[in-house]
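Per chain, numbering begins at 1; letters A, B, ... match sequence-line order. As a basis for the values below, the full set of heavy atoms in this structure was taken, side chains included, without hydrogen atoms, waters or symmetry mates.
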Protein chains: 2
Amino acid sequence: MSIDVGGHLKAVRTMYGLSQRELAKRAGVTNGTISLIEQNRVSPSVSSLKKVLDGVPMSLADFFALDLQESPQVFYSRDQLTEIGDREVSLKLVAAQRPNRAMSIMYERYRPKADTGSDMLSQQGEEGGIILKGHMELTVGGQSRVLGPGDAYYFARAVPHRFRNVGDEPCEIVSASTPPTV
Amino acid sequence: MSIDVGGHLKAVRTMYGLSQRELAKRAGVTNGTISLIEQNRVSPSVSSLKKVLDGVPMSLADFFALDLQESPQVFYSRDQLTEIGDREVSLKLVAAQRPNRAMSIMYERYRPKADTGSDMLSQQGEEGGIILKGHMELTVGGQSRVLGPGDAYYFARAVPHRFRNVGDEPCEIVSASTPPTV
DNA sequence: GGGTGCCGTCTATTATCCTAAACACACGAC
DNA sequence: GTCGTGTGTTTAGGATAATAGACGGCACCC
């Protein structure tokens, strides 16, 4: 067994401020079980691990998705955002260097007439955002629409999509997508 | 055990076009084990389930995260956003009615002195955002910091966190979180 | 009809996990 | 001091999972 289930569980438990006995009681197992698991002296069955996590509560998916190793960066000043745009479109990415993050969050700035080109598509995931300034024509699947400040969008990336700044001023958007593409 | 590990495994295995014996051989377990797991006659230990998934290969996190999705509305005008705030904090949610979406994207507006209260925590997921206007004190785990326009944050929700508008003007944020809490 | 090969299932045995209860240590109250 | 209550750890034994190998089914070929 390569993955450290025990350490993982201990981290989760202590993060919630629970003792082994408290967690055991909530989960309907014995404190000894928790102890043995945390020491990696046993590899719990999925059913018992689920019982334990139900006591937190936390899903199995989240449990195994947890990063754990260190405490990652939380705060990013505006000049710490990773910029990845070209001249037409500027993208400032939050938490770019964070491994295995679940989302990309970006501050996007489109010059007048900027255009992502016809019908981008990714295999998977979802994307959404809110327009802050300017006017953006968004085409998703068959549908097309011009969005202004305060308007928003949300779509599955498997559908072809295109962004085009149809205004005379720059268009600014905050967007999020999952899973992160960049 | 509420979750259907067996059916799940069978779906993964057949998706990869493997027989029980093939998968067993790759994984270093016996075909009987696969059979018993798929029938939910046993709840595999994490270690053996991991061995089995290594034969695919697939991570435990992905295994437990498997799901499906889809839905229609793409564009949301500003007054179509679902508002869910109280007097102190206004939250405008994109695609609120969309079932099984992967993220929540929100336009958040905090009145001066607005405070989410001490140490909220959700059991799961990640959250991030970008400050548009005003100044927000964000506390995550031990660390605390005041963020201004253009600054950003990103953290795992399992860590206790708190937002507090420390400025005299309203603070506006666009945030995203996954999985959606609301 | 008899082989051959691959499929998933089942059984008897062995290996591992889970429980209940004891154990050891630390800290505060009195 | 010695209770009382909190913590995590250990142990014996019963419960559960994993193994090796047998079993029956189905398709294909001779």
Side-chain angles (χ1 to χ4, degrees), chain A residues 1-64 66 68-69, chain B residues 1-64 66 119 121 123 141-142 158-160:
Chain A
M1 179 93 225
S2 59
I3 98 168
D4 178 20
V5 172
H8 227 115
L9 175 58
K10 183 165 190 168
V12 168
R13 177 176 62 79
T14 53
M15 183 173 295
Y16 282 82
L18 298 171
S19 69
Q20 290 182 347
R21 281 182 165 83
E22 283 171 330
L23 177 53
K25 186 173 181 184
R26 293 201 201 188
V29 301
T30 61
N31 63 308
T33 301
I34 308 275
S35 178
L36 293 172
I37 293 172
E38 290 190 355
Q39 297 170 80
N40 286 320
R41 304 245 313 254
V42 301
S43 175
S45 70
V46 169
S47 57
S48 59
L49 180 58
K50 177 165 193 311
K51 267 167 54 176
V52 171
L53 292 177
D54 283 347
V56 173
M58 170 177 284
S59 76
L60 286 162
D62 289 333
F63 180 79
F64 288 109
L66 271 188
L68 186 56
Q69 56 245 15
Chain B
M1 180 93 221
S2 58
I3 100 167
D4 178 19
V5 172
H8 228 113
L9 175 59
K10 184 165 192 170
V12 169
R13 177 176 62 80
T14 54
M15 182 173 297
Y16 282 81
L18 298 171
S19 71
Q20 290 183 346
R21 280 182 164 80
E22 283 171 330
L23 177 55
K25 186 174 181 185
R26 292 201 200 189
V29 301
T30 61
N31 63 311
T33 301
I34 308 276
S35 177
L36 293 171
I37 293 172
E38 290 190 355
Q39 298 170 79
N40 286 321
R41 304 246 312 254
V42 301
S43 175
S45 71
V46 169
S47 57
S48 57
L49 180 59
K50 177 166 195 311
K51 268 165 54 175
V52 170
L53 292 177
D54 283 347
V56 173
M58 172 177 283
S59 75
L60 286 161
D62 289 339
F63 180 79
F64 288 109
L66 278 184
D119 294 342
L121 62 85
Q123 27 282 37
V159 181

Item to complete: Of all the heavy-atom pairs spanning A:A24 and A:I34, show the shortest one and how long it is.
Response: CB-CG1, 4.0 Å
Worksheet, complete the sentence: Looking only at heavy atoms, the pair that brings A:L18 and A:R26 closest together is CD2-NH2, 3.1 Å
Out of [options], which has the shortest distance to the side chain of [X]?
X: A:N31; options: D:dG8, D:dT9, D:dT19; result: D:dT9
X: A:V42; options: C:dC17, D:dT19, C:dT19; result: C:dC17
X: A:R21; options: C:dT9, C:dT19, C:dC23; result: C:dC23

Practice prompt. Check whether any side-chain N or O of A:S45 sits under 3.5 Å from a backbone N or O of B:S45 as a donor-acceptor pair, and report yes or no.
Written response: no
Distance in angstrom units between [X] [atom1] and [N] [atom2], rounded:
X: A:Q39; N: C:dC18; atom1: CD; atom2: C1'; value: 14 Å
X: B:L36; N: C:dT11; atom1: CG; atom2: P; value: 11 Å
X: B:I34; N: D:dA17; atom1: CD1; atom2: C1'; value: 13 Å
X: B:L9; N: C:dG8; atom1: CG; atom2: C1'; value: 13 Å
X: B:R41; N: C:dC10; atom1: CZ; atom2: C1'; value: 7 Å
X: A:L23; N: C:dT19; atom1: CG; atom2: P; value: 12 Å
X: A:I37; N: D:dT9; atom1: CD1; atom2: P; value: 12 Å
X: A:L18; N: D:dT7; atom1: CG; atom2: C1'; value: 14 Å

Name the nucleic acid region contacted by [X], choosing base, sugar-phosphate or nothing; use a 4.0 angstrom heavy-atom cut-off, strictly under.
X: A:S19; answer: sugar-phosphate
X: A:S45; answer: sugar-phosphate
X: B:E38; answer: nothing

Ignoring backbone atoms, test whether [X] places a side-chain nitrogen or oxygen under 4.0 Å from the OP1 or OP2 oxygen of [N].
X: B:S35; N: C:dG8; value: no
X: B:R13; N: C:dG8; value: yes
X: B:T30; N: D:dT19; value: yes
X: A:Q20; N: D:dG6; value: no

Worksheet item: Is the closest side-chain heavy-atom distance between B:L36 and B:T33 below 4.5 Å?
Response: no
Worksheet item: Would you call B:E38-B:R13 a salt bridge at under 4.0 Å N-O?
Response: yes
Item to complete: Specify the residue among B:E22 and A:P44 whose closest nucleotide of DNA chain C lies further upstream toward the 5′ end.
Response: B:E22
